[in-house]
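Below you'll find the structure, written out as structure tokens, and then a few comments.
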Amino acid sequence: DAGVIQSPRHEVTEMGQEVTLRCKPISGHNSLFWYRQTMMRGLELLIYFNNNVPIDDSGMPEDRFSAKMPNASFSTLKIQPSEPRDSAVYFCASSLGGGYDTGELFFGEGSRLTVL
Amino acid sequence: AQSVTQLGSHVSVSEGALVLLRCNYSSSVPPYLFWYVQYPNQGLQLLLKYTSAATLVKGINGFEAEFKKSETSFHLTKPSAHMSDAAEYFCAVSRTGGGNKLTFGTGTQLKVEL
């Protein structure tokens with residue numbers, strides 16, 4: 001079975017440029033999560049969706065960040081304009097969602113972003 | 001609200017020695033508890049999970065964890081460390097009742113020395 005698929009795996013860009021990270025969750029999973037991981041702040045939840053609807057975006061650092069989930073099999077995280085402090089590894093994860101969901105997450109391999 | 005506290009951001013053991021990574025939880029309802037492992041340059045992988053069945057949970061790679069309600073703990077152990085166990089380990093908690101997000105601890109970096 002295919003796991004959570006993220007692209008690109010690595011992105012190097014210059015300050016001010018737009019960055020778009022992509023995620024394909026596991027088929028049949030109804031919840032999708034975007035996390036950011038840095039040495040300084042550890043693993044931070046940015047936003048999560050349930051049935052394609054954003055449920056909690058309180059972790060999104062500022063208006064430069066936006067996330068969408070146009071359908072059950074695709075999500076994007078966009079940063080515009082990017083800044084050096086956005087450099088991090090961004091993880092997408094999915095879970096079953098719904099009443100039988102234990103909360104177990106399945107993670108992608110991450111997108112490592114470097115903003116120069 | 002639920003939370004987890006991982007004691008020790010770095011743990012170092014000798015190869016062949018016991019591994020003990022500590023996790024204490026706080027939850028207003030019976031929790032689901034998880035241990036995840038992250039190897040360098042990879043995403044997090046589930047090691048094991050407690051979902052209110054047996055209190056001693058066995059996971060992959062010889063790891064196990066015991067749910068102790070009286071101590072609000074869910075410590076991760078492995079009898080004999082291997083070099084390949086060097087990684088970062090995260091404890092996490094979610095609520096029973098379904099549809100809830102995980103809350104992660106801050107992680108413990110395990111180093112295994114010869």
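A, B, ... follow the sequence lines: proteins, then strands. Residue 1 opens every chain.
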Measure [X] against the heavy atoms of chain B and call it side chain, backbone, both or neither at under 4.5 Å.
X        : value
A:Gln37  : side chain
A:Ile55  : neither
A:Asn30  : neither
A:Arg112 : side chain
A:Leu43  : side chain

Determine whether B:Leu46 and A:Phe106 make a side-chain contact, defined as any pair of heavy atoms from C-beta on separated by less than 4.5 Å. no
So do B:Gln45 and A:Phe107 actually touch side chain to side chain, heavy atoms under 4.5 Å? no
Indicate if [X] and [Y] have the same hydrophobic cluster label, given that clusters are the connected sets of ILVMFWY residues with side-chain heavy-atom separations under 4.5 angstrom.
X       : Y       : answer
B:Leu76 : B:Ile60 : yes
B:Phe63 : B:Tyr39 : yes
B:Leu33 : A:Leu96 : no
A:Phe74 : A:Val53 : no
A:Ile79 : A:Val89 : no

Is the number of heavy atoms from other residues, nucleotides or ligands under 6.0 Å of [X] [atom1] greater than 12?
X       : atom1 : value
A:Glu14 : CD    : no
B:Arg22 : CZ    : no
A:Asp63 : CG    : no

Distance-minimising heavy-atom pair for B:Leu102 and A:Tyr35: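 That would be O-OH, 3.9 Å.
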Quick check for you: to the nearest 0.5 Å, what is the distance between A:Glu109 atom CD and B:Gln42 atom CD? 6.5 Å
Check whether B:Gln38 gets within reach of chain A through its side chain, its backbone, both or neither, counting any heavy atom under 4.5 Å. side chain
In terms of heavy-atom proximity below 4.5 Å to chain A, should B:Thr51 be classed as side chain, backbone, both, or neither?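 Side chain only.
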Without swapping roles, check the side chain of B:Tyr36 against the backbone of A:Leu105 for a donor-acceptor pair under 3.5 Å.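 Between the backbone of A:Leu105 and the side chain of B:Tyr36 there is a qualifying donor-acceptor contact (under 3.5 Å).
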